[in-house]
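Right, one structure below, let's go through it.
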Amino acid sequence: MSVTAFLTDSTLCIGCKACEVACKEWNQVSNDGLDWRGFSYDNTAALGHSTWRHVAFVENTAHPGQGGNAPEAFTWGMLSDVCKHCENAGCLEACPTGALVRTEFGGVYLQPDVCNGCAYCVVACPFGVVERNPAEGRAFKCTFCYDRQKDGLKPACATACPTESIKFGDIEDLREEAVRRMNHLHSAGFRDVHLYDPQHTSVGGVHAFFITRGDPRAYNLPPNPEVPTSYLRKGWISAGIAAGLMLAGTLFAFYGSNHE
Amino acid sequence: MPGLGTSFGRGGATTSLQDLSHADAILIMGSSMAENHPVGFQWVIEARERGAKIIHVDPRFNRTSAMSDIWVPLRAGSDIVFLGALINYVLQNEKDFREYVAHYTNASILLRDDFKDTEDLDGFFSGWDPEKQQYETESWAYRGARLKKDIYKRSKGGGHAQDRGGEKIQANEFEQDKTLKDPRCVYQVLKRHFSRYTPEMVERLCGVSQSDFYKVAETFCSASGPEKTAAICYAVGWTQHSKGVQLIRAAAILQLLLGNIGRPGGGILALRGHASIQGSTDIPTLYDILPGYLPMPYFEEDSDSITEYIQEHKTDAGWWANFDRYIVSLLKSYYGHAATAANEFGFNWLPRLTGDHSHIGYWIEMAKGNVEGLFVMGQNPAVGAPNSRMERKAMAKLKWLVVREMVETETATFWLDSPEVSRGELRPEDIETEVFLFPAAGHVEKEGCFTNTQRLNQFHEKAIDPPGDARSETWFMYHLGRRLKEKSKANPNPDNAGLDALTWDYTLAGEIREPNVEEVLQEINGRSVVDGKLVSGYKELKNDGSTSCGCWIYSGIFPSAGENLARKREPRDFLGHGWGFAWPADRRILYNRASARPDGAPWSERKKLVWWDMEKKKWTGTDVPDFTATKAPDYVPPKAAQGDDALGGDRPFIMQPEGMGRLFVPSGLRDGPLPAHYEPLESPVHNELYPRLESDPAAKRLDSPQNPYANSPDERFPYVLSTYRLTEHHTAGGMSRYLSHLAELQPEMFCEISPQLAAELGIRNRSFVTIATPRGIIEARALVTSRIKPLKLDGKTVHQVTLPYHWGYKGLVKGSSANDLIALSQEPNVRIMETKALLCNVLPGPMEHGPKALEELAQVMTGHKERRQE
Amino acid sequence: MLKELLWKWPLVRQIATGSDGTGPEAMSEQTRNLRPRFQGAQVARSVCPYCAVGCGQLVHHKNGRLISIEGDPASPISRGHLCPKGSDSYELITHPNRLKKVRYRRPHSTRWEDLDLETAMDMVADRVWETRARTFVANKDGKTLMQTTAIAHLGGATLDNEENYLIKKLFTGGLGMVCVSNQARI
Amino acid sequence: MSTSPRGEEREQRERRLEEIRRQAQEHALIPFPDEHENSFEASAENGYYGMPLLKRPQWTVEIPIYFFVGGAAGAAALIAAVGEISNKDRDLVRDAQWLAAIGGIISPALLISDLGMPSRFLAMLRVFKVRSPMSVGSWTLVAFSNAAVASAVLGELRRRRSIPGVPVLTRVSQIATALTGLVLATYTGVLIGATAIPVWNEHISSLPVHFATSGLLTAASILELKGHDSEALNKIAMMAATLETVMGATIEMRTTRVEEPLRHGISGRAMRGAGLLSGPVPLALRALGMLSKKNKPTLRRAAALSSIVGSMLTRWAWIKAGHASAEDPRVPLQLEPPARSQKDESLF
């Protein structure tokens, strides 16, 4: 048993959305509404309670003579987004019930039988991943296929991915693989590839890192995500001051009015 | 697949998906492989990551382009100009793989003096009969080849039957100039023929800049030779044209010149769109062939004796010399003991063809009220077939219709909720058609095999029972046949002799009495009649009625009881031997004798596959040799030799009487021995290459009031229309629009247009647009994207509008069907329709609904339609 | 006994182990026993029914019920991968809009009726028999024809080879139907 | 074939499509739901088609009400305890105690209503997580509710009979209620501040103070409305309103992008209104009341009422601001705001 991760490489992604479907089929997640968005070929728009893998499509101007794999021009990026399974996970810390747990594989697993739908994890996620299902009141997100991992199997999305754009494996191996891949792409002339693995912020790294063509922000990946618990210290100090003020004020009000 | 069949000998992909990973360059054209064969595309990605260059030539920048190194947009329908220019580039710059070309292709063969090329006849080949609107192909024969009888009459039928090269001429008889210098040799004729396919023409007709053309030409051609190979992948983006077969021919010529056939990482991969579409031509549900590409007999010429029929279709040299063994064995498996030498093995129980009985052919008859009953199994012509408006209206003329499906498709309910009903063209109360809709079993609810795109038979096991009254087609056909045979028994009549004789004894199992599918597969594999022992392969088949075989090319799939090779799941090597069964004889890369030099040694260490083992005196390698294993490379056939023995040791294309890959096809094609560019039946431009001719003269337009055409060009319909598929849906949607997890991914019909056209017409992204052709009118959401480029053709801007065709009026997500817009038309060889290049108009705003839609269409037709503005 | 009962309260486990409530101590019984749902199921080896790549599928089923369908990693063609359509095969088989009964529309009717399967088969056999008997031509100008063009067939590219074999055998070889066609062309 | 949820969904979709078609007929343009001016593209300048990066807070309206009730109850407990110790006004202590107790009963009810079923609240007690303000708050609320109800009941007992130990117990429970009440009145600021919602976490240092002040103001005001005119309450209210005024002014003065929801849109208007109603307005009314002998009680009541409404609105405005903040992807993506002038330009 090792600590695992996803490496999702947009330079290999053909935008087929097999990951979305395989995920929904395996985890028996319902559809996300039948609305046409017209976001290029994306009609699921974002991760949410019923979408745990989401393929984003980013279009730039196409130039005849250059395919999408031409280093000179970034034309059409596709990237399968997923829960990041943060090292310091906002949702996990925030959860008051212990429904969210850290598994032996390093992922963050939301126990559906425990979750009480307090929705605090929803606002605690700096990536906008977790969401409460309004119909039945509990929160849902990517399980990292904890059930499959327990049996030594790959998550459903990584299993299906036709071009192995979604890689799954030991986190250290994949981090090395990501660096190798980045070096390879750089040496092939791709100057606009980015490795998205926020280790520099309070999130402290993730279990789902990405290689993107173009700026990660175009895929709604925040450049500096912070785990909300990093604000706790300030918050509780403030609460202490607030309590002190309340106490002092009240004491003053009662004891300072002796003249009555 | 006459494009591949006439060129190489067999109508199937020459290579396998895995082998693409060995290519040094891959040209994908006429296909969005990443979208429609995503899992197969992993091998392209693998090749790319190993350093191969991926070239995608397509009107749209789609998900395949996004993965490619080079994307070149071209005008839909101009592909032969592009490919012709590549061929011309190879020939002019002598980039051809000369040793390969000289030995393994018919480049050196001399043509008859009366053969005239398009260069001589303004775009026609010799033999055009303007009255009959077809070619008399005699002059295309090799110099010195004897003609067989009735070369002319035969061309009325379908083309699938013509895959056996040379059934019209003795193509093993020819004269040769091995130096390739003679002006009448194929090589020189080819050079002259393609000389007008210049980069300038590419620029003017395809809208591809010369620099982009050279980029493709240099990239692709530099990836061939002894050390390198390049592959071509295509799909219906090439086939669904009025000249589809010639398009594939052009690719075949290019690959033969570059020496890419029969070698690892080379070849032409036909990417097929349905689970067993290869299987359904191998074991056809097509009108013009019997299993194993044996031709259906024709009325009159094949009416009488099997001997004449065999004489007509067998060849002296090459594998088709065995034709008699295969037809007799087939008749034995159809009619069993009732088939005897005395009654010509029941040959006269087979029906004779009298014309065009293809889908489009009989549908036109249906529209006239000449068809009473129709079975539709797993197909949805109401929205999936060209001119689907006409298709639907024609079904209202049927007396009865049987549909077998997993869901209630548009075809089953054309009488209830089709646009024609809402537009007032059909009234359910007036429609007499009796409709039976049978629930069908899914793939995990029955067993059987699919033949995939690389000719690989894979057996799928049954997991669960079908729900309710759902049944397999095996069950349906068996129990229907059983009932009919009982009826026949009760009413003896000579008309039913074939039905009475038909062997129909399969073991039934379970409560539902499902026939044993493996017994059917064994029947296909073939047996010895005397002891019922399964044959181990087609070499055991006999012409005297002592063997039976349901499809000779599949023979060997079930070599002994309990050994169903299609069911095998133990791959031994990269090519997958041990996993399933690839026809013929489990060969994974066809014509692989060509992977070795004429002397039998591999062309290079890097590209070795099959070679001659000097010590063991046999062909060996990592694939099953597609060659007689013990025939030495230096074998020279004796004069009187017949069949395979008549082919030398350096003739890799063993199905052909001359044993060579055909740059020039002397017989078997109806619209020319060489590809030539003709404009689509509807085109925005004139044919600049051959100004006397607009479209393929041999193609059938099937013009009629129900199937009208635009002019070429036509002010009323100024834009090029092309249709395509999306990854998220499957064909007309019967297997995807009903599934929530797919429906949500592409929930609405849309239309991709360029920002330029959108601005011209005042169309905003995501707004509704109306699209019209002379055949129909539909609506879609506009997806405005720079991935669609307006093309400059000779100074004129041509816009292309592209439509996915997955929607219909049933399912979780509904929408207009793009096929309402498509014309019925027939390519001359296989009668495929042209869906990839037509003309249309686009109007901003949604379509009028109900009867008003037709008024709107009429206005567009008369050119009076005012464009609605934002 | 009490200890066991208390131990069921994750808070007790948390305090006892001195942990922060995000680890195993917070896991429920269900989570601890979590396993892939196809555990203990039977596997049928199948092939994807959509395009012609022919990806291998593993079909998990238990007691006659489908559990899941996923890619077969042993396949030399697909290596265990599936596209979105192939990945949706489970829904293809199990979705609620599947037909389970024969539906029948009488001439001129505006609605469907249900029909018993055997009755429907008898009726279809009758229709075929009647139409064929009326339209079959054995000879024309003294030459063999053995043909009817009044009954047509369409379809086959998603059917099994064995099924297509029986269709061609019965329709063409037995009944003399020549109007037989499918999607396949080139 | 069952039609229930899926059928409805489809119908709804059809209706929506009809509406789009109708509008499209008129304008040949689809107004896309929640369309932003730059949502047509995904780019490093615009993010992903204007889609929110963060998820909106999904709490129902019960949550801001709970913040309000909990805050008032916590503060009331403090008033009760200090009143008790200072031995001033027995009736005030009693009512403050009951206010705390009633708040302690309503609060869990509100939470349960948001969660959907009572058993779900029990799940809050599975673990105790110091790093989760929600967990700390839940445990605090449980302790508070028990203590508050106990102290109220014991207080009544003490008034009626003389049982040994009861006075001590009452006092202990009062102090416990007050201490937990202090946490209850302040932790909600930490709760929303320690989230990913930019406008909240930006204000984490002031939120607890803001909520505490507001809670104290509410408690004093409710007690005043009950009829107490203790000077202590007036003082508390005066101090709290002063602080509210200062905080309101601070918010008005801060103009960073993160704080836009506090100054613009519905949440901005609500925030401004809440600030006025709980700051300057009651302050002015109370000042007037101190000057006017005749209308003093009326003006105090008016000030109290204004404060209560203002405090409630404050909670609601903060939650609304959170919604608006979550919907703007530009803050977490650290993007420049879109140029306003682009709005009317054509797409092309």
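Heavy atoms only: backbone and side chains are in, while hydrogens, waters and symmetry mates are out.
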Sub-4.5 Å side-chain heavy-atom contact between Phe252(A) and Val82(D)
no
Between His203(D) and Tyr231(A), does the ring centroid distance fall short of 6.0 Å?
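Here the rings of Tyr231(A) and His203(D) have centres that are no less than 6.0 Å from each other.
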Does the plane of the ring in Trp59(D) sit parallel, tilted or perpendicular to the ring in Tyr120(A)? Use 30° and 60° as the thresholds.
parallel
Side chain to side chain donor-acceptor pair (under 3.5 Å) pairs touching residues 235-252 of chain A, sequence neighbours excluded, are none
Chain D heavy atoms under 4.5 Å from [X]: which part of the residue, side chain, backbone, both or neither?
X         : value
Cys125(A) : backbone
Val227(A) : neither
Ala135(A) : neither
Leu245(A) : side chain

Heavy-atom pair with the smallest gap, counting every atom of Pro126(A) and Ala196(D)
CA-CB, 3.7 Å
Sorted by first residue and then second, give each salt bridge (charged side-chain N to carboxylate O under 4.0 Å, His left out) pair with at least one member in residues 221-245 of chain A; sequence neighbours left out.
none
Between Ile237(A), Val129(A), Ile241(A), Thr229(A), which residue shows the highest count of heavy-atom pairs closer than 4.5 Å to chain D?
Thr229(A)
CD/Gln334(D) to CZ/Arg217(A) distance, rounded to the nearest 0.5 angstrom?
7.0 Å
